[in-house]
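Working notes, structure below.
All of these numbers come straight from a predicted model, not from anything done at the bench. Numbering of residues begins at 1 and proceeds along the displayed sequence.
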Amino acid sequence: MDSLRVALSNLRQIANREVRLERGGHADLAVPQAPVNLSAFDLYDSVWLSLGEVAAAIGVWGSGEGLLSRMQARMDDLCRVPGAGSDYQALSVLLRKVQARCERREHKPFVGRCPKCGSNVEAGGKAVVAKCSCGAVLDVSKMRAETQAAFGKVHITTTQAGAARWCCEQTDASVTRKDVDNWIRRGAIDAVPEEGHFYEFPVGQLLRLAMTKHARLQVDAVA
């Protein structure tokens with residue numbers, strides 16, 4: 001139960017987009033991300049549903065940490081119910097799924113899509129070439145230029161904090177919510193206010209401002 005408690009806590013962070021673990025894939029960057037990570041949220045929800053069904057067999061009800069604690073306190077009863085072995089195997093499988101979903105993977109900034117297979121290509125800021133999963137060797141500088149040109153026509157709708165996270169994920173720049181607030185206040189970015197605390201941000205401008213900050217910090221570090 002302790003392992004499951006820790007794994008579910010990590011999965012909840014992923015579902016709420018408090019951490020980002022994925023890399024690669026074929027996501028359409030022209031489509032704004034959902035407020036939650038839907039696949040992680042579905043797994044999180046299904047695990048709690050399964051736990052609730054197991055707990056109900058011994059008359060234990062509830063949700064969250066309280067449910068796990070009550071189940072742990074009555075492990076002897078859980079082991080005596082018919083089908084206890086099957087329940088244990090099912091929960092073990094779910095635990096492995098959650099742990100696999102929470103495994104940290106290396107993340108590098110997105111530089112573009114492979115012209116041969118269409119896969120997302122990622123590379124560090126100092127990389128000159130990148131190798132796609134299909135085997136193609138690609139010019140990183142050329143890809144970044146083409147991607148920024150394409151992103152000039154794209155907008156994302158998110159908060160200032162969300163825009164800062166997006167910049168960090170897509171570049172090597174360290175961008176904060178305060179940076180984005182300053183860009184909006186100075187008129188450096190054409191951010192259009194939407195309902196709530198959301199803005200429509202031009203992706204090309206976000207990239208340009210993030211990379212400008214990154215270049216300036218590199219110069220300051222050398223000086």
Side-chain angles (χ1 to χ4, degrees), residues 1-29 31-110 113 117-124 132-133 156-159 161-172 174-175 177 198:
M1 287 296 174
D2 287 333
S3 296
L4 192 56
R5 182 182 287 108
V6 172
L8 283 169
S9 176
N10 293 336
L11 183 62
R12 185 181 65 247
Q13 289 183 303
I14 296 171
N16 292 333
R17 296 197 185 281
E18 296 171 22
V19 296
R20 181 184 187 275
L21 305 181
E22 302 89 352
R23 65 187 298 270
H26 299 270
D28 187 350
L29 295 179
V31 180
Q33 289 183 320
V36 296
N37 184 315
L38 297 178
S39 64
F41 185 82
D42 284 344
L43 177 57
Y44 182 79
D45 195 48
S46 69
V47 172
W48 281 113
L49 181 62
S50 297
L51 283 170
E53 292 173 349
V54 172
I58 57 169
V60 172
W61 312 97
S63 61
E65 292 284 339
L67 177 62
L68 284 176
S69 296
R70 287 190 288 276
M71 290 176 70
Q72 192 163 19
R74 296 186 57 183
M75 286 299 295
D76 289 344
D77 293 334
L78 284 171
C79 293
R80 284 195 291 267
V81 300
S86 297
D87 289 340
Y88 177 79
Q89 289 180 348
L91 291 179
S92 296
V93 169
L94 286 173
L95 174 60
R96 289 194 294 271
K97 285 184 178 180
V98 173
Q99 289 174 331
R101 185 65 181 80
C102 296
E103 180 183 356
R104 184 167 295 278
R105 300 174 178 86
E106 180 186 7
H107 168 66
K108 295 179 181 179
F110 172 81
R113 287 198 175 95
C117 71
S119 295
N120 286 355
V121 178
E122 299 172 345
C132 178
S133 57
I156 57 172
T157 300
T158 185
T159 62
R165 283 194 300 272
W166 188 90
C167 288
C168 293
E169 291 169 0
Q170 304 304 329
T171 72
D172 277 335
S174 175
V175 178
R177 174 177 179 162
F198 287 80

message = Any non-hydrogen side-chain atom of Trp166 less than 4.5 Å from a side-chain atom of Ile156?
response = yes
Partners meeting side-chain contact (heavy atoms from CB on, under 4.5 Å) with [X] (sequence neighbours left out):
X      : result
Ala164 : Val175, Val180
Ala90  : none
Ser92  : Tyr88, Arg96

query = Looking only at heavy atoms, which two atoms of Val121 and Arg113 are closest? And how far apart?
reply =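 Between these two residues, the closest heavy atoms are CG2-C, 4.4 Å.
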ask   = How would you list, by chain and number, every residue that makes a side-chain hydrogen bond (donor to acceptor under 3.5 Å, both in side chains) with Arg74, sequence neighbours excluded?
value = Asp77
remark   = Interatomic distance, CZ@Arg80 vs CD1@Ile58, rounded to 0.5 Å, equals 9.5 Å
